[in-house]
There are 2 protein chains.
Amino acid sequence: MAFSIGELARRADVKVPTIRYYEQIGLMPETFRTEGQQRRYGKPAVARLAFIRHARELGFEVDAIRTLLLLQDEPDQPCAQADQIAKARLKEVDQRIASLNALRRELHKMIEGCACGRIGECRVIETLADQTHSHREWK
Amino acid sequence: MAFSIGELARRADVKVPTIRYYEQIGLMPETFRTEGQQRRYGKPAVARLAFIRHARELGFEVDAIRTLLLLQDEPDQPCAQADQIAKARLKEVDQRIASLNALRRELHKMIEGCACGRIGECRVIETLADQTHSHREWK
DNA sequence: CTTGATCCTCTAGTGACTAGAGAGATTACG
DNA sequence: CGTAATCTCTCTAGTCACTAGAGGATCAAG
């Protein structure tokens, strides 16, 4: 039922020291320990940790992830902030999807054009450079 | 025609020391200088820098960006590697889009549900946690 | 030709890990 | 039960991609 930090690392595909680091900065809660002070975890820790990993891979900062986890941790809190946080994240997510789609199209074109031996007119830079300043105001 | 590093920073929306840093690590080419050793840039620098900024925002590592810029810099190189690089990036981009879409749906649901005063069943974690290990093998 | 903004280099600090040392805990086998 | 192999513990230091600051030079406007 309860497993070690190494097992958790394997299950969530995150390195052991990273887990300890996440505990230190408060992303993962402090967990219970054995007599000899070794950490033991249950299944929820796997989901939470896997979530953090994915969110990081998607480029969210730890602070943003913290707020997302807060929504999860306290589902009964009044909507005001939660709604605001969710909306801000949504906006960011939409922008990222749009940018990635633009890049996707360009890469696709490059691969297509590749059939004839040369990359040819490569417009990767223009694709991403020309997205007229989409400043995200939340941090 | 030629402008300063501060002007470049404004146009590409990147901080001045970051530009110098990019030059140092070879993402931005060394540029010409004034008598007094101050850097001067032309328009292409703006596009390149804006591209780097966007790519970084999308979570690409500097090394990945370097390879993308290489495609741009040498459009006549034989297809073999270029094609491979483009394909690897495309795969990654597709995965990111998929993950972001999943997160998007969840956030949307949360905001919808918010109308009635509570967040209720929040499944943000499950959304991103359950994406069965999508190891990217390129670095 | 001065003055204030901008630029130079260099060193050091930040966030988010990642690696390593040295010591203690746990588990698996005989 | 003993002991060897394999974790795990804490702590310090290193990495990557910036970011900030000191101390001084240069530039452009008046």
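FYI, side chains are in, hydrogens and waters are out, and symmetry mates aren't considered; it's all heavy atoms of this structure. Values in this document were obtained by computation on a predicted structure and should not be read as measured data. Naming: A, B, ... by sequence-line order, numbering from 1 per chain.
Distance check: A:Lys15 NZ to A:Ile19 CD1 gives 11.5 Å after rounding to the nearest 0.5 Å. Separating the CG atom in B:Leu100 from the CD1 atom in B:Ile97 is a distance of 8.0 Å, to the nearest 0.5 Å. The line from NE2 of A:His54 to CG of A:Asp13 is 8.5 Å long, rounded to the nearest 0.5 Å. In this structure, B:Leu8 CG and B:Arg48 CZ are separated by 12.0 Å, a value rounded to the nearest 0.5 Å.
Distances shorter than 4.0 Å separate none of the side-chain N or O atoms of A:Thr18 from OP1 or OP2 on C:dC17.
Near DNA chain C, defined here as any heavy-atom distance below 4.0 Å, the residues from residues 34-42 of chain B are B:Gln37, B:Gln38, B:Arg39, listed numerically.
Rounded to an integer number of Å, the gap from A:Arg53 CZ to C:dA16 C1' is 16 Å. One atom, CD1 of B:Ile19, and another, C1' of C:dC7, lie 12 Å apart when rounded to the nearest Å. Atom CD1 in A:Ile5 sits about 14 Å away from atom C1' in C:dA25, given to the nearest Å. Here the C1' atom of nucleotide C:dA16 and the CD atom of A:Glu23 are 16 Å apart, to the nearest Å. Rounded to a whole Å, the CD1 atom of A:Ile65 is 10 Å from the C1' atom of C:dA16.
Contacts of A:Tyr22 with the nucleic acid, taken as non-hydrogen atoms under 4.0 Å apart, involve only primed sugar atoms and P, OP1 or OP2.
Nearer the 5' end of DNA chain C, as judged by each residue's closest nucleotide, is the contact made by B:Arg20, out of B:Arg20 and A:Tyr21.
Nearest heavy atoms, B:Tyr22 versus B:Arg56: OH-CG, 3.8 Å. Residues B:Val16 and B:Gly6 come closest through the heavy atom pair CG2-CA, 3.9 Å. When every heavy atom of B:Arg66 is checked against every heavy atom of B:Ile25, the shortest pair comes out as NH1-O, 2.7 Å.
Between B:Arg10 and B:Glu7, at least one side-chain N (NZ, or NE/NH1/NH2) sits under 4.0 Å from a carboxylate O, which counts as a salt bridge.
Counting only heavy atoms from C-beta outward, the side chains of B:Thr31 and B:Arg40 never approach each other to under 4.5 Å.
Taking the 5' to 3' direction, DNA chain D first and last meets chain A under 4.0 angstrom from a heavy atom at D:dT8 to D:dT10.
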